[in-house]
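So you know, we letter chains A, B, ... as the sequences are listed, proteins then strands, and number each from 1. These numbers come from a predicted model, not from an experiment.
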Number of protein chains: 2
Amino acid sequence: MSDTNTLVRDIEPSHDSCRAVSETLARIGDKWTVLVVGALSQGPLRYNQVRRAVDGISQRMLTLTLKGLEEDGLVSRTVYPTVPPRVDYELTELGRTLIVPLQVLHGWAMAHRPAMLAARAKFAESRAPGSQQPAFTTPK
Amino acid sequence: MSDTNTLVRDIEPSHDSCRAVSETLARIGDKWTVLVVGALSQGPLRYNQVRRAVDGISQRMLTLTLKGLEEDGLVSRTVYPTVPPRVDYELTELGRTLIVPLQVLHGWAMAHRPAMLAARAKFAESRAPGSQQPAFTTPK
DNA sequence: CTGAATCCACCAAGATACTG
DNA sequence: CAGTATCTTGGTGGATTCAG
């Protein structure tokens, strides 16, 4: 509606750091990346070894995740021209630095996840008490 | 439930611990949560204040994100029955504990994001130089 | 001002089958 | 063994509109 468009250049320099966190989270915060990194944190693994370590991942997602990690320089891919083919994946130096913040996150999760679950249960209870909610159950 | 499994050490964290990290990341690792938490980390804010602080977020996403955080007990919601209505959002004690791992993540991002970007650029160059590797794009 | 509700586009992700 | 190709689907998130 604003025709002349009051050029409100919303510069947010102070929250630029939050952007960095957000972008990083967008990279490593997907469904499988941390699990793959966790599996590789114990040492180099072959393709199917990673697959077995990360239970439930599909071939497609494993390939995509590994490719993304390789692209970001977090994982190195080594092909041995043998038969049958063998491909090793290993955390790079850069990738290993990720383990520390991941462990911090793990510590937080272990310490506060029960509280979060409790809060969620309490929240659900306050919204669906089961004792006072007519007009929805229609018992008749 | 064998009570003698106390020998399970952190050597194999890929089953339980990484799951916890993954689940936690699934909660706070979405597009806006960390930005909202970051905005609220400086103190309580009203709805539109958060909206302005987190530039680019839509009302829908802000509401959903805040509701999710409230449900998880990370953010408290205070309604002032005034006119016009006023709603304050504030990090709870639990929510404030999130700041620490977030700062760790921020530190990692600041330290290693350049390396990641460089690795990605290098990777892209090795794959699409335009001069070295012709016809790699599977001419169907 | 603070939401809720609806519609819709996009993409992550699973399943499956095929290749080298 | 180590991937790739294709189809399909469910969820995420954006834009817009309505309501208290």
Can B/K67 and B/E70 be counted as an ion pair, charged N to O under 4.0 angstrom? no

Shortest non-hydrogen separation from B/R27 to B/T33 and the atoms involved: O-OG1, 3.9 Å

In whole Å, I'd like the distance from the OH atom of B/Y80 to the P atom of D/dG20. 25 Å

Whole angstroms only, please: what is the NZ-C1' distance between B/K67 and C/dA5? 11 Å

Minimal heavy-atom distance between B/T24 and A/A109, with the atoms involved, is OG1-CB, 3.1 Å

Minimum heavy-atom separation for B/G73 and B/T92, please, with both atom names. O-OG1, 2.6 Å

Heavy atoms from C-beta onward define the side chain here; which of D/dG20, D/dC1, C/dG3 lies closest to that of B/Y89? C/dG3

Whole angstrom is fine here: how far is it from CG in B/L66 over to P in C/dG3? 8 Å

Check every strand shown and say whether B/T63 touches a base, only sugar-phosphate, or nothing at a heavy-atom separation below 4.0 Å. sugar-phosphate

Here the distance between atom C1' of D/dC1 and atom CZ of A/R52, to the nearest Å, is 10 Å

Using a strict cut-off of less than 4.0 Å between a Lys/Arg side-chain nitrogen and an Asp/Glu carboxylate oxygen, indicate whether B/E90 and B/R77 qualify as a salt bridge. no

Would you mind reading off the distance between A/N48 atom CG and D/dG3 atom P, rounded to a whole angstrom? 9 Å

Nearest heavy-atom contact between A/L35 and A/K31 is CD1-O, 3.8 Å

For B/R51, which contact category applies under a 4.0 Å heavy-atom criterion: base, sugar-phosphate, or nothing? nothing

Rounded to whole Å, please give me the gap between CG in B/D88 and P in C/dG3. 10 Å

Could you state the atom-to-atom distance from OH of B/Y47 to C1' of D/dG20 in whole Å? 14 Å

Rounded to the nearest angstrom, tell me the gap between atom CG in B/L62 and atom P in C/dA4. 11 Å

Walk along nucleotides 10-17 of chain D from 5' to 3' and tag each nucleotide B, S or - by protein heavy-atom contact under 4.0 Å, base first, then sugar-phosphate. ---BBBB-

How close do A/V54 and A/A39 get, counting heavy atoms only, and between which atoms? CG2-CB, 4.0 Å

Which nucleotide in the set D/dA2, C/dC1, D/dG3 lies at the smallest distance from any side-chain heavy atom of A/R77? D/dG3

